[in-house]
Amino acid sequence: MSQVWTAWIREYKSIIGDRGALLVLVAAAVLYALIYPLPYKEQVLRQVPVVVVDQDRTPLSRQLTRMVTATEVVTVTGVVGSIDEARNQLMRREIGGIMVVPEGFGQAIGRGEQAVVSALGDGSYFLTYRQVATAVLSAATTMGAAIEVQGLVARGSSLGEAMVQRDPVPLITRMLYDPSGGYASYVVPAVLIIILQQTLLIGLGLLSGAEQEGSVQRNDSAMPQENHASWYLWTPSLTASLTGRAMAYLTLYSIHILFFISVIYSLYGFPQKGSIWLIFLFLLPFLLAVIFLGIAISGVFPERETAMQALLFTSLPSVFLAGFSWPPEMLPKWLNTVSWLLPSTPGVRGYLRVNQMGASLGEVWHEWIMLWALAAVYLICALVVARRRRCRAITLLSSDG
Amino acid sequence: MADRPISEFYSYANPSHYKGGSIGAVVARELRRIRAEKIYPLLMFILPLIGFFLIVSTFQERVPHDLPVAVFDGDNTPLSRDIIRSVNAARTIQISQHISNQASAEAWLREGRGYAVLIIPEGLQGSVYSGKAHPVVAYINGQWLLPASLVSRDLLQSITTVSKRLDAAQHVAKGASVNQAAQRVNPIKTDAVALFNPHLDYVTYLVLSLIPTLLQIFVMIMTVHSVGIELKRGSAGEWMDAAGGSIVRALVGKLIPYWITSAALLAIIWVILFQYLNIAIQGSIWLVLATMVLLILACQSIGIAFVALTSNLRFATSVTSFYTGPAFAFTGITFPAVGMPLIARVWGLMIPLTHALSIITEQVVMGAPSSVSLPKIGVLMLFVLLPLATLPRLKGLLLNPQCWGKV
């Protein structure tokens with residue numbers, strides 16, 4: 001037990017003693033969590049600028065324009081006569097979409113025929129397109145419903161009958177878990193988990209690289225280096241030292257999780273449905289898996305920067321493989337399978353369900369067990385790597401005489 | 001290094017120290033360094049190619065389809081089966097399970113089995129055929145925003161189709177012709193068109209943007225490493241020796257090998273995007289090429305400035321991570337800049353990737369006139385030139401042995 005404790009404290013000391021490690025393991029997790037949500041602060045894209053091409057110029061076309069504005073999803077910045085003029089504005093990126101009300105719109109409605117309206121959204125930005133299409137569709141549907149009901153009443157139905165006939169099987173849509181449809185609460189909780197993983201992996205790699213540098217340059221007085229390698233020698237039990245190290249990161253990262261949930265969540269007003277104990281219980285094997293994975297791969301980084309250089313790019317694929325921004329059902333089979341080797345994949349999927357959707361442990365059982373399996377596999381890898389390193393350190397020392 | 005007398009280090013600041021030195025000597029020296037360490041091929045080719053491969057594979061389906069949705073059919077009548085058929089026919093939806101218990105709908109979602117549950121209540125057909133409206137309910141998993149919006153759109157569309165079919169039958173029963181009925185049930189038809197990307201293809205949308213995003217990470221990391229390592233290892237003096245004391249010669253000579261490998265990487269990117277993935281360039285191919293080249297040069301320039309300003313490889317690498325890692329979120333590709341708070345928009349404008357992706361979108365996807373993109377080319381040039389103002393500082397660092405060896 002005292003060995004565990006020594007290794008635990010020793011790890012804290014090496015984190016605090018290395019400015020680079022401090023920056024990655026402590027400051028980066030906080031900084032990234034603060035700056036990453038910034039672009040999505042407003043949560044919902046509103047008031048997308050739209051231009052109306054009104055070729056009809058009737059009270060009905062003007063009414064439709066007003067109704068589109070009333071959705072507040074888009075804002076009509078101008079009414080122009082020709083599509084070309086609107087298209088130029090779109091190309092100059094001044095607007096996000098165009099609503100075209102063709103000539104004869106009002107006349108068709110007057111005659112009881114079908115009128116057509118077009119919503120042309122900027123498809124190079126999906127969110128912009130979606131807002132333009134939604135705004136026009138909902139305005140046209142509302143107006144169409146009124147026209148149909150009026151027609152039915154004029155032909156002798158009662159208002160109640162007309163309402164029923166118009167939509168006998170209405171759909172009631174209940175958006176669960178994130179009723180605001182906010183972009184930040186969609187992206188950020190998942191990214192927080194990725195931040196935990198990436199900073200841990202890089203931080204562990206950095207400390208290990210520093211240690212490698214230390215053992216290489218041990219006799220170089222110009223570079224005073226704490227000699228981490230020797231520590232492995234006087235630690236009698238590898239398992240104890242590994243447990244101690246894991247405890248150091250587990251405690252440090254528990255503080256990060258607390259910070260995320262208390263500060264970041266309330267700062268951005270994210271829904272939080274899981275109890276703190278359930279969150280910790282779910283994330284325990286996640287953190288362990290990441291820590292052991294970090295220790296296992298850290299042996300390949302010869303210098304303190306190498307881990308950051310080699311792992312920085314993995315954040316992007318981790319995000320897209322985690323399954324919240326691209327449905328995992330759409331991944332190729334092999335990639336879906338491989339992605340489960342990253343702790344972030346089951347980690348993000350389970351965490352979102354526990355904390356954003358209020359799932360119980362039983363409902364994320366699959367992910368939880370998978371995380372324990374990953375933790376076990378990476379623990380074995382970490383033990384093998386740590387053992388190999390200790391042997392090498394012993395040979396190095398003894399060859400020095 | 002260690003056996004050279006310390007007095008020799010101080011002579012680097014003295015111009016008479018240098019005899020000759022040339023760009024060629026620096027190039028030869030850099031090539032030797034590149035051959036000696038595994039990190040170089042890793043950052044120049046292997047990791048970028050792995051990154052590209054992962055991104056391309058992720059989005060190979062191009063458009064999400066057949067997303068799992070459960071249904072509870074409490075009615076079990078021809079009408080309810082008609083609704084289920086109509087929903088299942090929607091492109092984005094696949095009815096993956098019939099649940100037998102309405103109360104288990106939310107648990108089904110919490111277990112992560114799918115994106116929505118459609119509840120068809122008992123008595124639907126009876127009510128509807130006796131002239132009463134009877135709603136069906138869809139529980140959507142709103143946390144998964146992208147599938148949620150696709151699935152809810154298609155659910156609404158397919159159920160409205162069924163509802164309108166019943167409506168049209170009523171119109172016909174009241175004496176309208178089939179053609180009249182079809183028009184009356186939908187007095188205003190909306191044509192929604194996604195300009196430039198009619199099928200909402202994620203390859204054209206995201207892969208096109210993510211590959212330059214990976215590129216900027218690698219170019220900047222590689223540049224910071226190749227310059228910063230000279231300070232860390234204390235080889236800066238020897239480097240300046242090879243360049244005959246000129247910082248410009250030193251940097252040009254050092255960067256020539258990376259210009260060549262970047263050009264090769266760019267050729268690979270070009271083949272992936274415009275040949276393999278078949279993305280059509282709607283606008284000016286030259287502007288697209290210029291943008292990519294300027295993005296690479298800007299990242300090199302900024303990387304050099306980061307080393308000059310931090311005088312430390314490790315810290316410069318950390319700064320590069322902060323700058324390039326979250327950059328994509330600030331470019332406005334996923335969440336448009338108009339919706340961002342001012343500070344996020346300003347931060348986005350201070351990243352060359354934002355301008356580069358803007359031009360790439362305009363010229364590849366939209367086919368905008370060149371005049372729209374040219375000012376942004378100018379901005380990218382500023383990103384190449386402005387950081388060079390730190391060169392005198394960098395030279396000072398390289399010539400001062402006291403700045404070497406910092407970790």
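Residue numbering restarts at 1 for every chain, and letters A, B, ... go by the order of the sequence lines. Note that this is a predicted model, so its numbers are computed, not measured.
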*For A:Arg155, does the CZ atom sit with more than 12 other heavy atoms under 6.0 Å from it, leaving out its own atoms?*
yes

Turns out that what part of B:Tyr115 lies under 4.5 Å from chain A's heavy atoms comes down to side chain

Bottom line for A:Ser124: the part with an atom under 4.5 Å from chain B's heavy atoms is both

Cut-off 4.5 Å, heavy atoms of chain A, and the answer for B:Arg153 is neither

When the 4.5 angstrom heavy-atom criterion is applied to B:Leu43 and chain A, the contacting part is side chain

Applying a strict 4.5 Å limit to non-hydrogen atoms, the region of A:Leu321 in contact with chain B is side chain

Answer yes if the ring centres of A:Tyr40 and A:Tyr186 are under 6.0 angstrom apart, and no otherwise.
no

* Would you call A:Asp167 and B:Lys164 a salt bridge, taking side-chain N to carboxylate O under 4.0 Å as the test? -> no

Residue from B:Ile217, B:Leu145, B:Val128, B:Ile229 scoring the most non-hydrogen pairs under 4.5 Å with chain A is B:Leu145

**A:Tyr177 side chain near B:Glu106 side chain, heavy-atom distance below 4.5 Å** = yes

**OP:** Take B:Tyr202 and B:Tyr205 through the test ring pair (Phe, Tyr, Trp, His ring centres under 6.0 Å) and record every step on the way to the result.
**Re:** CA-CA 5 Å; B:Tyr202 272 76; B:Tyr205 170 55; 5.7 Å; yes

Interface check, chain A: of B:Lys174, B:Arg345, B:His65, B:Gln180, most non-hydrogen pairs under 4.5 Å belong to B:His65

Turns out that what part of B:Ile39 lies under 4.5 Å from chain A's heavy atoms comes down to side chain

task: Would you check, one step at a time, whether the test side-chain hydrogen bond (donor to acceptor under 3.5 Å, both in side chains) holds for A:Asp122 with A:Thr128?
output: CA-CA 6 Å; A:Asp122 183 350; A:Thr128 307; 6.0 Å; no

Under 4.5 Å to a heavy atom of chain A? For B:Leu109 that would be both

Bottom line for B:Val224: the part with an atom under 4.5 Å from chain A's heavy atoms is neither

Turns out that what part of B:Pro64 lies under 4.5 Å from chain A's heavy atoms comes down to both

Answer key: most heavy-atom pairs under 4.5 Å with chain B among A:Ala133, A:Gly156, A:Pro327 is A:Pro327

Review point. Are any non-hydrogen side-chain atoms of B:Val136 and B:Leu124 less than 4.5 angstrom apart?
Key: yes

When the 4.5 angstrom heavy-atom criterion is applied to A:Ala28 and chain B, the contacting part is both

The interface call for B:Gln143 against chain A, heavy-atom contacts under 4.5 Å, is both

field: More than 12 heavy atoms of other groups within 6.0 Å of A:Met67 CE
entry: yes

If one checks every heavy atom of A:Leu45 against chain B at 4.5 Å, the contacting part turns out to be both

Cut-off 4.5 Å, heavy atoms of chain A, and the answer for B:Gln94 is neither

Review point. Do the charged groups of B:Lys232 and A:Glu303 touch, with an N to O distance under 4.0 Å?
Key: yes

- prompt: Just wondering, are more than 12 heavy atoms of other shown residues or ligands nearer than 6.0 Å to CZ in A:Arg92?
  reply: yes

If one checks every heavy atom of A:Leu152 against chain B at 4.5 Å, the contacting part turns out to be side chain

Correct closest heavy-atom pair for A:Val132 and A:Gly96 would be CG2-O, 3.7 Å

Scanning both residues in full, the closest heavy-atom pair of A:Ile95 with A:Ile98 reads CD1-CG1, 4.1 Å

So, the part of A:Val100 with a heavy atom under 4.5 Å from chain B: the answer is neither

Under 4.5 Å to a heavy atom of chain B? For A:Gln43 that would be backbone

Applying a strict 4.5 Å limit to non-hydrogen atoms, the region of A:Leu335 in contact with chain B is side chain

Smallest heavy-atom separation, B:Ser152 atom then B:Ile140 atom, equals CB-CD1, 3.6 Å

Ranked by heavy-atom pairs below 4.5 Å to chain A, first place among B:Leu206, B:Val193, B:Asn197, B:Ile221 goes to B:Val193

Bottom line for B:Val372: the part with an atom under 4.5 Å from chain A's heavy atoms is side chain

Of the listed A:Pro317, A:Gly20, A:Ala190, the one with the largest count of heavy-atom pairs under 4.5 Å with chain B is A:Gly20

Okay, B:Leu146 and chain A: the region with an atom under 4.5 Å from a heavy atom over there is both

So, the part of B:Val365 with a heavy atom under 4.5 Å from chain A: the answer is side chain

Under 4.5 Å to a heavy atom of chain B? For A:Pro302 that would be neither

With sequence neighbours left out, the residues meeting salt bridge (Lys or Arg N to Asp or Glu O under 4.0 Å) with B:Asp82 are B:Arg85, B:Arg165

Check: Taking the side chain as C-beta and beyond, is there a heavy-atom pair between A:Phe105 and A:Leu64 under 4.5 Å?
Finding: yes

Cut-off 4.5 Å, heavy atoms of chain B, and the answer for A:Leu171 is both

What one should report as the nearest heavy-atom pair of A:Arg93 and B:Ser358 is NH1-O, 3.6 Å

Honestly, the part of A:Arg46 sitting under 4.5 Å from a heavy atom of chain B is neither

Checked B:Leu150, B:Val137, B:Asn186, B:Asp191 vs chain A; the most non-hydrogen pairs under 4.5 Å come from B:Asp191

So, the part of A:Ser325 with a heavy atom under 4.5 Å from chain B: the answer is backbone

Whatever's closer than 4.5 Å to a heavy atom in chain A on B:Pro68 counts as side chain

Counting heavy-atom pairs under 4.5 Å with chain A, the top scorer among B:Phe218, B:Trp347, B:Phe315, B:Phe328 is B:Phe218

Most heavy-atom pairs under 4.5 Å with chain B, out of A:Ile35, A:Val354, A:Val117, belong to A:Val117

Across all chains, not counting sequence neighbours, the salt bridge (Lys or Arg N to Asp or Glu O under 4.0 Å) partners of A:Arg111 are A:Glu113

With a 6.0 Å cut-off on ring centres, are A:Tyr32 and B:Phe322 close enough? yes

| query | With a 6.0 Å cut-off on ring centres, are A:Trp334 and B:Phe53 close enough? | reply | yes

Assert top hit (heavy-atom pairs under 4.5 Å, partner chain B, pool A:Trp326, A:Phe324, A:Trp365) equals A:Trp326

Okay, B:Ile119 and chain A: the region with an atom under 4.5 Å from a heavy atom over there is neither

If you tally heavy-atom pairs under 4.5 Å between each of B:Lys132, B:Met340, B:His171 and chain A, the highest tally belongs to B:His171

Can the ring centroids of A:Phe320 and B:Phe59 be said to lie less than 6.0 angstrom from one another?
yes

Output for pair (B:Met220 CE, A:Leu312 CG), nearest 0.5 Å, gives 10.5 Å

So, the part of A:Ala310 with a heavy atom under 4.5 Å from chain B: the answer is both

